[in-house]
Amino acid sequence: MKKTKVAVLGATGMVGQRFLALLENNPYFEVSALCASERSAGKEYREAVSGRWAVEGEIPEKFAEMPVEKCEPGIDAEIVFGALDSSIAEPIEQAFAKEGYAVSSNTRCHRMCEDIPLVIPEVNAGHLEIIEEQKKNRKWGGFIVTNPNCSTIAMVLGLHPLQKAFGLEKISVTTMQALSGAGYPGVSSLDILDNVIPHIGGEEGKMESEPLKIWGELKGGKFENADMKISAHCNRVNVKDGHLETISLSLKKKASLDEVKKALKEFRAEPQELNLPSAPKQPVILMEEENRPQPRLDRMLEKGMASVVGRIREDKIFDYKMLILGHNTIRGAAGCAILNAELLKAKKYI
Ligand code: NAP
């Protein structure tokens, strides 16, 4: 198969670097352009990320000498992956979509737009159907597809088997979110060492609203929110990668603990059926050990693309409580955007 040319916007940042590490050997895509701010444009990639390469291993050799370009349409690519600082991403992503590029974005700017899909491929691949409407409404040659916030992805993917089998009535979630989720250089060491920061700007609102759109229905060209209640507390903790979440939930249809575990273990979806290159074989992993999952030990299961669920037990206020772990820059960001693009290719949107 001829590879599709892709560019990474924000290639020098924490998520941009992760994109490159994941795209190095992707069989569908070939990275043809690296873009970032004016501070980096004109430099070789190796120089632009000097002293701040934060992904395991070295900078992939094939990208090290590529020039960093400005984030402007005209670059040689069909798909652009969005990993820009969200304060400046909106007009840039729109300019690319207008000029005919397929934009697979990580940023928050377009997630809640009425005609833009917010997609986790295992959960709501059908929402891609809004793309035709989007192109027509906005008179764009291309389009934008987004993926959710990192902590939302871990929770929604991990709970989707239960939503599908029994329906979710209410969820209470408390997150312990990794430092890489704050970008580079992120949180100051003097703020986070020996500490937990009990606030992440905007995060609780995203966790409470994004799942309603993702689990909602696309009817007559409009998204209808799912009918459930979510309450989130979000905390920053002293862990490099991997968001851990404690979750209590009630189901719409009552189910035994065995039925809940079976639904989680057996869950597979379209990316697995289509055998997409970045799809984990097992998107939801159930751990039975009483002290797992843990970020350092379990975040790289299924190459960082799974939601890892553990410690499921009955709850005295809700029906069940459990832990969910997700790698924030892989499944929670770059990996999800790449899987979205693979799905778009498999479904002939690209
Ligand atoms: P980051 O490390 O701060 O990187 C930001 C990137 O944006 C850099 O490449 C930077 O380029 C570029 N940039 C900044 N200002 C720019 C401008 N005016 N014009 C063009 N490029 C500009 O942030 P990050 O953590 O990678 O996050 C990137 C996006 O993904 C954000 O929207 C974030 O909310 C989202 N996200 C992050 C995570 C995570 O776990 N980190 C998870 C999900 C979603 P220079 O290097 O040249 O300054």
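All ligand and atom numbering here is 1-based and tracks the order in the structure. Nothing here was measured: the structure is a model prediction, and the numbers come from that model.
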Taking Lys347 first and then Glu270, would you say they form a salt bridge - that is, a charged N and a carboxylate O separated by under 4.0 Å? yes
What atoms of ligand 1 come within less than 4.0 Å of a heavy atom belonging to Val15? 24 (P), 25 (O), 26 (O), 27 (O), 30 (O), 37 (C), 38 (C), 39 (C), 41 (N)
With a 4.0 Å cut-off on heavy atoms, is Ala83 touching ligand 1? yes
Please say whether Cys71 places an N or O atom under 3.5 Å from an N or O atom belonging to ligand 1. no
Measure from NZ or CZ of Lys170 to the centre of the six-membered ring of Phe318, then state whether that distance is under 6.0 Å and the direction lies within 45° of the axis. yes
Using a 4.0 Å cutoff against the non-hydrogen atoms of Gly332, which atoms of ligand 1 qualify? 42 (C), 43 (C)
With heavy-atom distances below 4.0 Å as the criterion, list the atoms of ligand 1 near Arg39. 14 (C), 15 (N), 48 (O)
Checking heavy-atom distances from atom 39 (C) of ligand 1 to each of Gly181, Ser37, Ser105, the winner is Gly181
Does the side chain of Arg268 come within less than 4.5 Å of Pro283's, by heavy atoms? yes
Using a strict cut-off of 4.0 Å, indicate which atoms of ligand 1 neighbour a heavy atom of Thr12. 8 (C), 9 (O), 10 (C), 11 (O), 45 (P), 46 (O), 47 (O)
Under 6.0 Å from the six-membered ring centre of Phe166 and within 45° of its axis: does the NZ or CZ of Lys253 meet both? no
Does any N/O atom on Gly10 come nearer than 3.5 Å to any N/O atom on ligand 1? yes
Please could you name the atoms of ligand 1 that Asn328 approaches to less than 4.0 Å, counting only its heavy atoms? 40 (O), 42 (C)
Out of Thr152, Ile92, Leu84, the nearest non-hydrogen contact to atom 31 (C) of ligand 1 is supplied by Leu84
Are any of the side-chain nitrogens in Glu56 or Arg18 under 4.0 Å away from the carboxylate oxygens of its partner? yes
Check for me whether the distance between the ring centres of Phe19 and Phe81 falls short of 6.0 Å. yes
For atom 17 (C) of ligand 1, closest protein heavy-atom neighbour: Ile88 CD1, 3.5 Å
Salt-bridged, Lys206 to Glu210, with N to O below 4.0 Å? no
Which label fits Trp215 and His160: parallel for a plane angle under 30°, tilted from 30 to 60°, or perpendicular past 60°? parallel
List every atom of ligand 1 that sits less than 4.0 Å from any heavy atom of Ser40, numbering the atoms from 1 in the order shown and giving each element. 45 (P), 46 (O), 47 (O)
Side chain or backbone, does Met14 bring an N or O within less than 3.5 Å of an N or O on ligand 1? yes
Less than 4.0 Å between a side-chain N and a carboxylate O, is that true for Lys219 and Glu224? yes
So the atoms of ligand 1 within less than 4.0 Å of a heavy atom of Ser86 turn out to be 32 (O)
Show the numbers, then the answer: is there a side chain to side chain contact (heavy atoms under 4.5 Å, CB included) between Phe223 and Leu118? CA-CA 10 Å; Phe223 292 109; Leu118 177 61; over 6 Å; no
Test of understanding: given a 4.0 Å heavy-atom threshold, classify the contact between Arg52 and ligand 1 as side chain, backbone, both, or neither. side chain
Asn26 side chain to Leu22 main-chain N or O, any donor-acceptor pair under 3.5 Å? no
Report the part of Ala48 in contact with ligand 1, treating N, CA, C, O as backbone and CB onward as side chain, heavy atoms under 4.0 Å; options are side chain, backbone, both, neither. neither
Option among Ile92, Val103, Asn106 that satisfies the side chain to side chain contact (heavy atoms under 4.5 Å, CB included) test with Leu9: Ile92
Using 4.0 Å as the upper bound for N to carboxylate O, is an ion pair formed by Glu69 and Lys43? no
What protein heavy atom is closest to atom 7 (O) of ligand 1, reported as residue, atom name and distance in Å? Asp85 N, 3.2 Å
Has ligand 1 got any nitrogen or oxygen that is less than 3.5 angstrom from a nitrogen or oxygen of Arg108? no
Heavy-atom nearest neighbour in the protein, as seen from atom 4 (O) of ligand 1, with distance rounded to 0.1 Å: Gly13 CA, 3.3 Å
Taking N or O atoms only and a 3.5 Å limit, does Asn106 qualify as a polar contact for ligand 1? no
Are any of the protein's heavy atoms under 4.0 angstrom from atom 33 (C) of ligand 1, yes or no? no
Identify, by atom number and element, the atoms of ligand 1 in contact range of Thr329, meaning under 4.0 Å from any of its heavy atoms. 40 (O)
Do Glu288 and Lys261 sit within salt-bridge range, that is, some charged N less than 4.0 Å from a carboxylate O? yes
For atom 41 (N) of ligand 1, what is the closest protein heavy atom, and at what distance to 0.1 Å? Ser180 O, 2.9 Å
Starting from atom 25 (O) of ligand 1, which protein heavy atom do you reach first, and at what distance in Å? Gly183 CA, 3.0 Å
